[in-house]
Amino acid sequence: MTETSFTPVVFLKAGCPFCLKVRLFLLEAGQLDRVVLREFVPGTEEEAEIRGLLGPVVEKVTFPTAELTPGNFTNESDAIVAHFAERAGVEPEAMPTYQSYLTGVFKNLGALYRENLDLKKRLSPA
Ligand SMILES: N[C@@H](CCC(=O)N[C@@H](CS)C(=O)NCC(=O)O)C(=O)O
């Protein structure tokens with residue numbers, strides 16, 4: 001398969017904030033119809049199938065993961081966004097909905113996650 005006939009595949013885990021970040025970027029950049037989205041709900045057969053597929057080709061299975069060109073997998077959301085931004089000729093920094101998510105809900109979730117870790121550590125110190 002040549003790179004021009006290949007459609008990138010983006011693997012997403014439902015409920016994952018990093019996955020929503022990539023999905024939202026693709027939507028706002030008008031790129032959703034230029035990729036195949038494979039989103040799974042945790043605990044489903046689709047999850048087992050996707051993990052089985054990615055296990056042998058990435059060092060550690062995390063989501064989002066994208067097969068950007070045939071056999072070339074990337075599992076860093078920033079790298080995935082940068083790839084599609086270049087392909088679409090858009091600047092993520094200038095995309096209002098994407099930026100609103102990053103600087104709002106996404107940032108707050110990260111802060112809550114770290115706070116939760118810290119509280120757990122204080123409750124049961126190692
Ligand atoms: N650095 C990664 C972080 C992604 C990440 O932590 N994803 C979580 C889900 S929200 C994950 O894949 N955890 C392991 C798993 O679900 O197996 C990125 O920005 O893409």
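Remember, it's 1-based here, ligands and their atoms both numbered in the order they're listed.
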Enquirer: Going by heavy atoms, is N75 under 4.0 Å from ligand 1?
Expert: yes
Enquirer: Is the closest protein non-hydrogen atom to atom 20 (O) of ligand 1 under 4.0 Å?
Expert: yes
Enquirer: Indicate the atoms forming the closest heavy-atom contact of A29 with A88, along with that distance.
Expert: O-CB, 4.4 Å
Enquirer: Considering non-hydrogen atoms of the protein only, which is the closest contact for atom 14 (C) of ligand 1, and what is the distance?
Expert: V61 O, 4.3 Å
Enquirer: Of all heavy-atom pairs between T7 and R34, which one has the smallest distance, and what is that distance?
Expert: CG2-O, 3.6 Å
Enquirer: F18 and ring-ring contact (aromatic ring centres under 6.0 Å, His included): which single residue from F63, F106, F25 fits?
Expert: F106
Enquirer: Tell me the protein heavy atom at minimum distance from atom 2 (C) of ligand 1, and give that distance in Å.
Expert: E76 OE1, 3.6 Å
Enquirer: Out of curiosity, E67 CD to F73 CZ, how far, rounded to the nearest 0.5 Å?
Expert: 3.5 Å
Enquirer: Within ligand 1, which atoms have a heavy atom of K13 less than 4.0 Å away?
Expert: 15 (C), 16 (O)
Enquirer: Among all the protein's non-hydrogen atoms, which is closest to atom 11 (C) of ligand 1, and how far away is it?
Expert: F63 N, 3.9 Å
Enquirer: What's the verdict on salt bridge (charged side-chain N to carboxylate O under 4.0 Å, His left out) for E46 and R38, showing C-alpha distance, side-chain angles and the deciding distance?
Expert: CA-CA 9 Å; E46 174 88 351; R38 287 199 63 185; 3.5 Å; yes
Enquirer: Run D118 and R114 through salt bridge (charged side-chain N to carboxylate O under 4.0 Å, His left out) and show every step you take.
Expert: CA-CA 6 Å; D118 184 51; R114 286 187 294 276; over 6 Å; no
Enquirer: Closest non-hydrogen protein atom to atom 6 (O) of ligand 1, residue and atom name please, with distance?
Expert: F18 CE1, 3.8 Å
Enquirer: For ligand 1, which atoms have a heavy atom of P64 less than 4.0 angstrom away?
Expert: 20 (O)
Enquirer: Out of curiosity, E39 CD to K13 NZ, how far, rounded to the nearest 0.5 Å?
Expert: 11.5 Å
Enquirer: Does even one non-hydrogen atom of R51 get within less than 4.0 Å of ligand 1?
Expert: yes
Enquirer: For I80 and T74, work out which heavy atoms get closest and say how close.
Expert: CD1-O, 3.6 Å
Enquirer: Under 4.0 Å from a heavy atom of T62: which atoms of ligand 1 are those, numbered in the order shown and with their elements?
Expert: 12 (O)
Enquirer: If the cut-off is 4.0 Å to any non-hydrogen atom of C16, which atoms of ligand 1 fall inside it?
Expert: 9 (C), 10 (S)
